[in-house]
Amino acid sequence: MSRSEDSATASLADQLALDIQKVVAASFARGEITGEAPAVITLERPKNRDHGDYATSIALQLAKAAGKNPRDIATILQAAIASIAGVTKVDIAGPGFINITLDRASQAELVRTILTAKNAYGRGNALAGVKVNLEFISANPTGPLHLGHTRWAAVGDALGRVLSAAGAEVTREFYINDRGRQMDLFGQSVQAAALGNPIPEDGYQGEYIKDLAKAVLIANPGITATEDFREAAYQVQLAEQQRVLETFHTTFDVWFSERSLHESGAVEHGVDKLRSQGHVFDVDGAVWLRTTDFGDDKDRVIIKADGDLTYFASDTAYYINKRERGFDICIYMLGADHHGYIQRLKATAACAGDNPEYNIDVLIGQLVKIMEGGEEVKLSKRAGTIITLEELVEKVGVDAARYTLIRYPVDTPMVMDIDVLRRNTNENPVYYVQYAHARIAAVLRNTAELRISANLESFDPSQLTHDRENELLGALSDFPRIVASAAEFREPHRVARYLEELAGVYHGFYADCRVLPLGDEPIAAIHSARAALCAATMQVLANGLDLLGVSAPERM
RNA sequence: GCGCCUGUAGCUCAGUCGGAUAGAGCAACCGCCUUCUAAGCGGUAGGUCGCAGGUUCGAUUCCUGCCAGGCGCGCCA
């Protein structure tokens, strides 16, 4: 990543890595180490506190090419690393790890960085200038949003925020499947319900169809044609989806209608474009795309022998349309039952002359199971036992629902236990994190009352030398790279896990480091330094929760 | 049959440029509120990282094969 070049935002760790790189390069220049100098030095934060603030395994990596023992390499570098500004100790451990301990006061300068940057702390420029189209949910407008959609509503929205934080220009898009057989069945079902006829065999059976029928009749008295029912019900259902998503704090920039794709001639345009790239052919009266040129199992039909367009035709046209609207990266978030689409979508991109490794990114979300009252709630569309987004929110609230859905990687199936999410204990991680935020808010209310300054004017970093303070500073310093990696890997759950870690570290600090003076103890520099550290922590918790679309309460 | 995902503590799960003694929460057990929010903190116990090979200084992580579970393979949408 290119962040390290930017000295204004370079963290202590980035700076240290650059300094070590110079030290290593100098050693190569003097011929003390032979082989090739590494292009970049990676630092890790050791799990064990005894291993210093940062560690690098560079000596182990260089040993073989240099024909030396890794510990000898480490010894060669030791003194020079120790002379880097801010480094207080360099130890060689185990097979040749170099463990580096930094001056605590210089680490505490981070508080200044955070309180100055405020809600910009954590933002980066790894994706600066990149236009991203983020498509998620894309439900049929033929019914309420259910549990599977809800996972994407939470994760997709959070990913959008994370990508923006990494500097990308993000457009969130919802593709409305408002065309084809499902829509017709939908229209017929609503019509039948409105007229009191039996709903067609393969139609929509859910209870909500009756409600839709009622709403449609009230708004359009005298309506009779199937088409009119379809259109009226479509508008009501779409508006309903939009309303529910709003309550879930998930927003879209573009609601893209599949119909508009056909009406605008985008499908023909897409076929032409693919044909001009040489990947379209005709067999048995149908028009095909040779996706097998790019790893798909079989070629795909775009236009059927009877002249109708396949669903795949819309997909290809839509992709090409996105690219022509100027998006560099098109991210698709699809359900587990669509994993067969990855190959053909990537092949489509390749057929269009794009780089399938860069221009298109398909994420597959696995299923969500629901537990309630100790047993799994069986979900079946046919039996009408689907759980809707709205019902989930009624049961557990927006924050708990969003947070829980986001904190797991999407490619693993997950289980939501409704009973746990209703509990206000730290079995429920969202409360654990929010509580840390509220707890700090309470502490800062108290410091303000005692006129203890949490301001930077009076901030003295040399006060923060306690192990707990140092640990907290270390956790705060991780935030920017967590955000960057969440964006890079499209994994917003990393932010949630990080927040749990940070909250835990804060709670530990709180237990051992008193912020307010005890009894008639006079107010001293330590109190205000700790107050500033609390304020910095609160800022990072708030920034992180904001990336997840979860509230950061001041009182609980 | 082919393809995608998963297999880590009793349970739910973290753990990506391969790194040191594999982590968290819950459940179990033992402690900590006459001064900041106990929705919290500290401690004990709990593991053949599905199995078997391979790659190397080093593998839960990368590769191959196998076993188990979930999902999907239409000129349907």
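Each chain gets a letter, A, B and so on, in the order the sequences are listed, and its residues count up from 1.
Every salt bridge (Lys or Arg N to Asp or Glu O under 4.0 Å) that R45(A) has, sequence neighbours left out, goes to D478(A). In this structure E554(A) satisfies the side chain to side chain contact (heavy atoms under 4.5 Å, CB included) test together with H437(A), A441(A), R445(A), M538(A), sequence neighbours excluded. The salt bridge (Lys or Arg N to Asp or Glu O under 4.0 Å) check on K89(A) picks up D91(A), with sequence neighbours excluded. Partners of Q463(A) by side chain to side chain contact (heavy atoms under 4.5 Å, CB included), not counting sequence neighbours, listed by chain and number: D460(A), A525(A), I526(A), A529(A). The salt bridge (Lys or Arg N to Asp or Glu O under 4.0 Å) test applied to R179(A) returns no partner, not counting sequence neighbours. Under the side chain to side chain contact (heavy atoms under 4.5 Å, CB included) criterion, H279(A) pairs with Q277(A), L289(A), D293(A), F294(A), C351(A), not counting sequence neighbours.
To the nearest angstrom, C1' of G19(B) lies 14 Å from CG of L43(A). Here the P atom of nucleotide G18(B) and the CZ atom of F97(A) are 14 Å apart, to the nearest Å. When rounded to the nearest whole Å, the span between OH of Y435(A) and P of U37(B) equals 8 Å. Regarding Y510(A), its OH atom lies at a distance of 13 Å from the P atom of G40(B), rounded to whole Å. One interatomic measurement links the two molecules: CD1 of I523(A) to P of C36(B), which rounds to 16 Å at whole-angstrom precision. Remark: P of C26(B) and CG of D419(A) are 17 Å apart, rounded to the nearest angstrom. Summarising the geometry, the separation between CG on L367(A) and C1' on G69(B) is reported as 13 Å, rounded to the nearest angstrom. Note: CG (D308(A)) to C1' (G74(B)) measures 15 Å, nearest angstrom.
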For this session: With pairs defined as Watson-Crick or G-U wobble and both distances under 3.5 angstrom, please note down RNA chain B as a dot-bracket string, | for pairing with another strand.
Result: (((((((..((((.....[...)))).(((((.......))))).....(((((..]....))))))))))))....
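Applying the salt bridge (Lys or Arg N to Asp or Glu O under 4.0 Å) test to pairs two or more places apart or on separate chains, none has a residue in residues 308-319 of chain A. Note on residues 525-534 of chain A: pairs passing salt bridge (Lys or Arg N to Asp or Glu O under 4.0 Å), not counting sequence neighbours, are E469(A)-R530(A).
To the nearest whole angstrom, the two P atoms, one in C63(B) and one in C76(B), are 37 Å apart. Using atom P as the reference point in both A20(B) and C49(B), the two lie 15 Å apart (nearest Å). The same atom, P, is picked in G10(B) and in G50(B); the two are 13 Å apart, to the nearest Å. Comparing C4(B) with C66(B), their P atoms sit 14 Å apart, to the nearest whole Å. When the C1' atom is used for both C13(B) and C51(B), the distance is 22 Å, rounded to whole Å. Nucleotides G65(B) and C5(B) have their P atoms positioned 14 Å apart, rounded to a whole Å. Rounded to whole Å, the separation between the P atoms of U60(B) and A22(B) comes to 10 Å. For A14(B) and U8(B), the P atoms lie 10 Å apart once the distance is rounded to whole Å.
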Problem set entry | CA sep, side-chain torsions, deciding dist, call: L309(A), S314(A), side-chain contact (heavy atoms from CB on, under 4.5 Å) | CA-CA 8 Å; L309(A) 294 161; S314(A) 301; 5.9 Å; no
For this session: Test F174(A) against F256(A) for ring pair (Phe, Tyr, Trp, His ring centres under 6.0 Å), laying out the working first.
Result: CA-CA 6 Å; F174(A) 186 117; F256(A) 196 101; over 10 Å; no
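A residue-by-residue look at L516(A) and H338(A) shows that L516(A) has its nearest nucleotide of RNA chain B further toward the 5' end. Between G94(A) and D411(A), the residue anchored closer to the 5' end of RNA chain B is D411(A), taking for each the nucleotide with the nearest heavy atom.
Note on A442(A): a base of the nucleic acid sits closer than 4.0 angstrom, heavy atoms only. N99(A) comes within 4.0 angstrom of a base, heavy atoms only. Looking at heavy-atom distances under 4.0 Å, G519(A) makes contact with a base. Looking at heavy-atom distances under 4.0 Å, R530(A) makes no contact with the nucleic acid at all. Among the heavy atoms of the strands lying under 4.0 Å from C513(A) is at least one base atom, whether or not backbone atoms are also near. Looking at heavy-atom distances under 4.0 Å, A93(A) makes contact with a base. E258(A) comes within 4.0 angstrom of nothing in the nucleic acid, heavy atoms only. Among the atoms of the strands shown, none is found under 4.0 Å from any heavy atom of A63(A).
Using a 4.0 Å cut-off between charged nitrogen and carboxylate oxygen, D299(A) and R344(A) do not count as a salt-bridge pair. The existence of a salt bridge linking R275(A) and D282(A) is confirmed by a sub-4.0 Å separation between a basic side-chain nitrogen and an acidic carboxylate oxygen.
Between C41(B), C36(B), A39(B), one nucleotide has an atom nearer to the side chain of H507(A) than all others, and that is C41(B).
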Pairs under 3.5 Å (N/O, protein and nucleotides 2-4 of chain B):
| unit_1 | atom_1 | unit_2 | atom_2 | d |
| --- | --- | --- | --- | --- |
| G3(B) | N2 | H339(A) | NE2 | 2.2 |
| G3(B) | N3 | H339(A) | NE2 | 3.4 |

Are any protein N/O atoms closer than 3.5 Å to N/O atoms in nucleotides 27-34 of chain B? If there are, list each pair with its distance.
none

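The aromatic ring centres of F509(A) and H466(A) sit 6.0 Å or more apart. Ring centroid separation for the pair W152(A) and F136(A) does not come in under the 6.0 Å cut-off.
Side-chain N/O atoms of Y432(A) include none lying less than 4.0 angstrom from OP1 or OP2 on A24(B). OP1 or OP2 of G74(B) has at least one side-chain nitrogen or oxygen of K298(A) nearer than 4.0 Å. Contact annotation: N446(A) reaches the phosphate of U37(B) (side-chain N/O to OP1 or OP2, under 4.0 Å).
In this structure, the side chains of S458(A) and S528(A) come closer than 4.5 Å at one or more pairs of heavy atoms.
Glycosidic conformation of C33(B) is syn; the angle stays within 90° of 0.
Below 30°, between 30° and 60°, or above 60°: for Y204(A) and F186(A) the angle between ring planes is above 60°, a perpendicular geometry.
A cation-pi contact, defined as under 6.0 Å to the ring centre and within 45° of the axis, links R439(A) to Y510(A).
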For this session: Would you mind building the protein contact string for nucleotides 12-17 of chain B? One character per nucleotide, 5' to 3', B for base within reach (heavy atoms under 4.0 Å), S for sugar-phosphate only, - for untouched.
Result: SSSSBB
